[in-house]
Undergrad: 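Take a look at this one; I'll ask things after.
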Amino acid sequence: MPGSPRPAPSWVLLLRLLALLRPPGLGEACSCAPAHPQQHICHSALVIRAKISSEKVVPASADPADTEKMLRYEIKQIKMFKGFEKVKDVQYIYTPFDSSLCGVKLEANSQKQYLLTGQVLSDGKVFIHLCNYIEPWEDLSLVQRESLNHHYHLNCGCQAQHYVCMKHVDGTCSWYRGHLPLRKEFVDIVQP
């Protein structure tokens, strides 16, 4: 019907939600809860390796009154690890233009490749933000690269749901399930 308002695309709603979730007084900040790369991959709809061909600032919606902007990255998809059932080939990814809304700044027109995790919105657009796992491919360890093909997404319901990682003095981690021995620093936090 002419003149009737059109519903906002799902990514505009996501931008507005991110803005509302921003704590008061933090006008220029985006914060994300820490997570293991496997958790990021398990909770993402899409995981790809890609190069960024170009970037362009685009309106967040077709509504001329909406002043929100998005960055649209044109990409060259190298490999898809997860998301086959949602999209076949990704040509563009979208992120908030404003870093305070968790927008991601990637290098375009370079040889740099990225591992990108993100969501596929109801309109088919791929949306990423700073709380996703986004890493230069060269910064991934060999174990991380190999785990992308099978281990990460095939084991999503295992340790992260039922175990806790306890860090050893040497920096390694062991997974524990059930009752953990209480450490002095944990007791101090729980009991004054």
Side-chain angles (χ1 to χ4, degrees), residues 1-35 37 39-140 144 148:
M1 191 154 117
S4 65
R6 293 191 307 180
S10 55
W11 59 328
V12 172
L13 297 174
L14 184 58
L15 276 176
R16 290 183 181 140
L17 178 63
L18 286 171
L20 290 174
L21 293 176
R22 184 175 32 182
L26 291 180
E28 296 301 322
C30 170
S31 61
C32 307
Q39 288 175 299
H40 282 288
I41 289 163
C42 289
H43 293 104
S44 296
L46 182 85
V47 179
I48 60 172
R49 176 181 177 185
K51 285 173 50 172
I52 311 302
S53 303
S54 66
E55 70 177 63
K56 182 179 182 179
V57 178
V58 297
S61 74
D63 181 0
D66 186 0
T67 60
E68 296 283 334
K69 301 288 183 196
M70 299 285 288
L71 268 178
R72 181 183 75 188
Y73 289 109
E74 183 176 5
I75 69 162
K76 175 171 183 350
Q77 179 179 305
I78 296 167
K79 182 166 185 173
M80 184 178 289
F81 299 100
K82 184 179 179 185
F84 306 100
E85 67 285 348
K86 299 203 181 264
V87 291
K88 298 294 179 222
D89 186 39
V90 180
Q91 184 178 3
Y92 299 107
I93 55 175
Y94 296 83
T95 191
F97 179 72
D98 189 352
S99 62
S100 67
L101 294 176
C102 298
V104 179
K105 185 68 177 151
L106 302 172
E107 285 183 38
N109 296 316
S110 74
Q111 293 302 310
K112 188 177 237 177
Q113 297 179 19
Y114 292 93
L115 176 68
L116 303 169
T117 67
Q119 301 306 320
V120 179
L121 303 178
S122 59
D123 60 3
K125 290 184 172 73
V126 175
F127 184 82
I128 64 170
H129 52 79
L130 284 175
C131 296
N132 292 118
Y133 189 60
I134 298 168
E135 288 291 324
W137 185 256
E138 65 201 30
D139 291 352
L140 298 175
Q144 287 176 312
L148 285 166

Undergrad: Mind running side-chain contact (heavy atoms from CB on, under 4.5 Å) on Leu46 and Met80 for me, showing each step along the way?
TA: CA-CA 8 Å; Leu46 182 85; Met80 184 178 289; 3.8 Å; yes
Undergrad: Minimum heavy-atom separation for Glu68 to Leu101, with atom names?
TA: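 Looking at all heavy atoms of both residues, the shortest contact is OE1-CD1, 3.7 Å.
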Undergrad: How far apart are the closest heavy atoms of Cys131 and Ser31, and which atoms are they?
TA: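 Minimum heavy-atom contact is SG-O, 3.9 Å.
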Undergrad: Would you find a donor on one side and an acceptor on the other, under 3.5 Å apart, between the side chain of Thr117 and the backbone of Ser44?
TA: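 No.
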Undergrad: As an exercise, state the distance from CG of Leu148 to NZ of Lys79, rounded to the nearest 0.5 Å.
TA: 8.5 Å
Undergrad: So, for Ile128 and Gly118, which heavy atoms are closest and what is the spacing to 0.1 Å?
TA: CG2-CA, 4.1 Å
Undergrad: As an exercise, state the distance from CD1 of Ile93 to CD of Gln77, rounded to the nearest 0.5 Å.
TA: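 These two atoms lie 10.5 Å from each other.
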Undergrad: List for me each residue that meets ring-ring contact (aromatic ring centres under 6.0 Å, His included) alongside Tyr133, sequence neighbours excluded, and say none if there are none.
TA: His40
Undergrad: Ignoring hydrogens, what is the shortest heavy-atom contact between Pro96 and Phe127? Give both atom names and the distance.
TA: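 Scanning both residues, the minimum pair turns out to be CD-CZ, 3.6 Å.
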Undergrad: Taking the side chain as everything from C-beta on, heavy atoms only, tell me whether Asn109 gets closer than 4.5 Å to Ile52.
TA: no
Undergrad: Give the intermediate values and the outcome of side-chain contact (heavy atoms from CB on, under 4.5 Å) for residues Ile75 and Ile48.
TA: CA-CA 11 Å; Ile75 69 162; Ile48 60 172; 3.5 Å; yes
Undergrad: Applying side chain to side chain donor-acceptor pair (under 3.5 Å), name anything that partners Lys76, two or more places apart in sequence or on another chain.
TA: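 Applying side chain to side chain donor-acceptor pair (under 3.5 Å) to Lys76 gives none.
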Undergrad: With salt bridge (charged side-chain N to carboxylate O under 4.0 Å, His left out) as the rule and sequence neighbours excluded, what pairs involving residues 106-119 come up?
TA: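 Qualifying pairs, neighbours excluded: Glu107-Lys112.
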Undergrad: For residues 80-93, pull every pair meeting side-chain hydrogen bond (donor to acceptor under 3.5 Å, both in side chains), keeping only residues two or more places apart or in separate chains.
TA: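 Residue pairs with at least one partner in residues 80-93: there are none.
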Undergrad: Looking only at heavy atoms, which two atoms of Asp66 and Ser61 are closest? And how far apart?
TA: OD2-OG, 2.9 Å
Undergrad: Give every residue pair that meets the side-chain hydrogen bond (donor to acceptor under 3.5 Å, both in side chains) criterion with at least one member in residues 45-57, sequence neighbours excluded.
TA: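 For residues 45-57, and leaving out neighbouring residues, the side-chain hydrogen bond (donor to acceptor under 3.5 Å, both in side chains) pairs sorted by first residue read Arg49-Gln113, Lys51-Gln111, Ser54-Glu74, Glu55-Lys105.
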Undergrad: Taking the side chain as every heavy atom from C-beta outward, state whether Thr95 and Leu106 have any pair of such atoms under 4.5 Å apart.
TA: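 The answer is no; the side chains never approach within 4.5 Å.
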Undergrad: Could you grab the distance from atom CG of Leu140 to atom OH of Tyr114, nearest 0.5 Å is fine?
TA: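 With rounding to 0.5 Å, CG (Leu140) is 12.0 Å from OH (Tyr114).
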Undergrad: Taking all non-hydrogen atoms of both residues, which atom of Ser100 and which atom of Cys30 are closest, and how far apart?
TA: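 That closest heavy-atom pairing would be O-CB, 4.1 Å.
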Undergrad: Find out whether Asn132 and Val104 are in side-chain contact, i.e. whether some heavy atom of one side chain is under 4.5 Å from a heavy atom of the other.
TA: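 In short, these two side chains do not touch, never coming nearer than 4.5 Å.
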